[in-house]
Amino acid sequence: MTLRNLLSESSLGLRLLPGDPSTDEQLDAEISWAHSSDLMNPSPWLEPGQLLLTDGGQFPHPKDAPTTFAEDVRAYVNRLKSTGIVGLGFAVNVVHQSVPQPIVRACADAGLPLILVPSSTPFIRVIRKLADAIAEERNASMQWSIQAQRAVGRAALRPDGLSATLRELESQLGCWVALYDALGKLVPVRTKHAVPKEVREELEDAVTAQLRGGRAAATSLGGVGEREITLQTIGQSTRLRGVLAIGTRLPLDPAGSDLVESVVGIASIAIEQSRALDDTRRGLRTGIMELFLAGSTEAAMRALRDMDTWSPQGRIRVAVVRGTNDWDHILTELELMAATTDVAFAKIGEELLVLYPSNEKAPLAFVAREGLRAGVSGSVGVREMRKGRENAQHAVRRAERDGEIVDFEKLAERGMLSWLDASDGRVLAERMLGKVRARPDGDELLAALRAWYSHNCAWDPAARELGMHRHTLRSRIAMVQEITGLDLESFGARAELWLALELAD
């Protein structure tokens with residue numbers, strides 16, 4: 001119900017008094033309720049959107065009006081205007097025969113619609129008319145809500161339940177709908193309307209921010225283009241599964257919000273069902289990867305094709321990722337990626353294996369984001385999967401910081417030690433030095449050896465660093481020579497022991 005509608009009710013006999021032309025726009029503002037008061041300052045009991053009715057009992061008759069009457073009336077009207085009411089209804093032939101001119105002028109100056117209420121129309125009739133209109137609107141809204149909920153429920157039972165549900169939501173709200181996955185990518189479901197081009201970039205940024213926040217919430221973007229956009233997360237705060245975006249011409253009312261929540265619930269169920277399937281697929285992927293590693297290449301490739309996913313062909317690279325005990329959201333990300341990208345993956349033990357074409361960029365963006373460590377093999381054939389994994393494992397061991405990806409083929413740039421380490425040189429080094437470490441004075445002997453090497457095997461400077469006599473240092477190096485069986489007078493033996501010391505540290 002608006003003032004314009006109220007004025008058109010001939011049975012009420014209301015009439016708009018001349019005033020500021022700008023008040024015409026306010027005639028279409030919705031009236032939330034009507035309130036009657038003869039207080040000089042009723043504003044503490046008023047709320048925005050209400051219509052105030054008065055018989056003017058608070059105002060003196062013109063002949064008794066004080067000289068400040070015009071100023072008092074102006075202050076009264078300004079107070080009403082500041083509360084956000086939609087208009088003032090003034091009853092005549094009750095206290096005043098007509099509306100006092102100071103009130104007419106003050107309302108015109110303030111842009112507040114002034115309604116003349118005849119004595120034949122009691123305030124209760126105006127209030128009842130509003131109450132009936134509000135009740136009718138609420139009943140219509142409830143009926144629409146029930147019908148819309150039923151329509152959405154029927155759509156959910158169709159074979160393409162999720163797509164049908166979103167299309168029904170579009171029909172009921174006259175809106176467009178877009179579903180984004182946990183990576184912030186648009187899910188290719190068949191809806192009636194596409195996201196308007198002019199809002200796509202801003203919408204994608206907002207969806208990414210919503211997911212990055214990690215909290216289940218509904219957010220309104222306000223007016224973007226010609227639409228109000230509402231974002232509703234799907235899933236629990238601990239693991240958001242996506243975001244539903246709704247673009248409407250007006251902000252959602254309570255009934256519309258309830259319908260959206262129902263659709264979010266249906267979408268959540270559909271996504272959780274998909275997640276259960278993903279868990280099953282993960283088990284299959286692990287089994288398939290073990291077939292590759294066992295040399296059953298043809299069987300593994302057939303199984304991947306049966307899953308309707310990428311099957312490695314030709315030259316590939318193998319990546320090994322380590323550094324976390326919580327792989328769930330990373331595996332979910334890879335599962336989503338596998339729908340559009342050439343990638344195969346599986347969790348084997350405490351590490352993740354990722355396969356991809358050798359001429360493609362490594363799909364490992366999550367490594368830096370999650371602070372993990374990864375090693376990537378050189379180009380290998382599909383039947384050389386075991387070799388590729390071993391190379392990738394050697395590379396990941398050389399990662400020195402979280403978020404680092406080490407390429408096996410570039411280990412040579414790090415020197416001979418990296419290659420020896422990649423070739424399991426550490427195992428031989430530990431075996432050479434094991435007997436030295438096992439002695440009670442093993443730490444002292446190794447410290448003497450390191451100091452001796454750091455000074456290019458010169459006795460005096462090494463002894464000074466250790467704070468001992470050079471003969472004592474000679475004695476300790478001789479002991480190491482005896483234990484290891486190496487002749488440390490020769491350059492070759494010294495080099496071999498130095499390499500062992502470096503690899504074992």
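In this text the structure is predicted, and so the values were computed from the model without any measurement.
Side-chain atoms of Gln232 and Val243, non-hydrogen and from C-beta on, never get closer than 4.5 Å to each other. Between Val480 and Leu497, the closest side-chain pair of non-hydrogen atoms falls below 4.5 Å. Counting heavy atoms from C-beta on, the side chains of Glu47 and Ser32 never come closer than 4.5 Å. Side-chain atoms of Gln149 and Arg154, non-hydrogen and from C-beta on, never get closer than 4.5 Å to each other. At a threshold of 4.5 Å between non-hydrogen side-chain atoms, the residues Asp328 and Arg282 count as touching. Taking 4.5 Å as the limit, every side-chain heavy atom of Glu351 sits out of range of all side-chain heavy atoms of Val321.
The residues Arg317 and Glu360 are annotated as not salt-bridged, no charged nitrogen and carboxylate oxygen being separated by less than 4.0 angstrom. Using a 4.0 Å cut-off between charged nitrogen and carboxylate oxygen, Glu404 and Arg401 count as a salt-bridge pair. Under 4.0 Å is where a charged nitrogen must lie from a carboxylate oxygen, and between Arg249 and Glu228 no such pair does. In this structure, Arg315 pairs ionically with Glu384, as a charged nitrogen and a carboxylate oxygen lie closer than 4.0 Å. One finds no salt bridge joining Glu170 and Lys192 here, because no Lys/Arg side-chain nitrogen approaches an Asp/Glu carboxylate oxygen to under 4.0 Å.
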Would you mind writing out the side-chain donor-acceptor pairs for residues 287-301 within the sub-3.5 Å range, not counting sequence neighbours?
| from | atom 1 | to | atom 2 | distance (Å) |
| --- | --- | --- | --- | --- |
| Glu298 | OE2 | Arg383 | NH2 | 2.7 |

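Across every non-hydrogen atom of Cys175 and Ile246, the tightest pair is SG-CG2, 3.6 Å.
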Between Arg281 and Glu335, is the salt bridge (charged side-chain N to carboxylate O under 4.0 Å, His left out) condition met? List the steps. CA-CA 9 Å; Arg281 290 169 69 91; Glu335 196 67 60; 3.1 Å; yes
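For residues 339-371, the set of pairs meeting the ring pair (Phe, Tyr, Trp, His ring centres under 6.0 Å) definition, not counting sequence neighbours, is empty.
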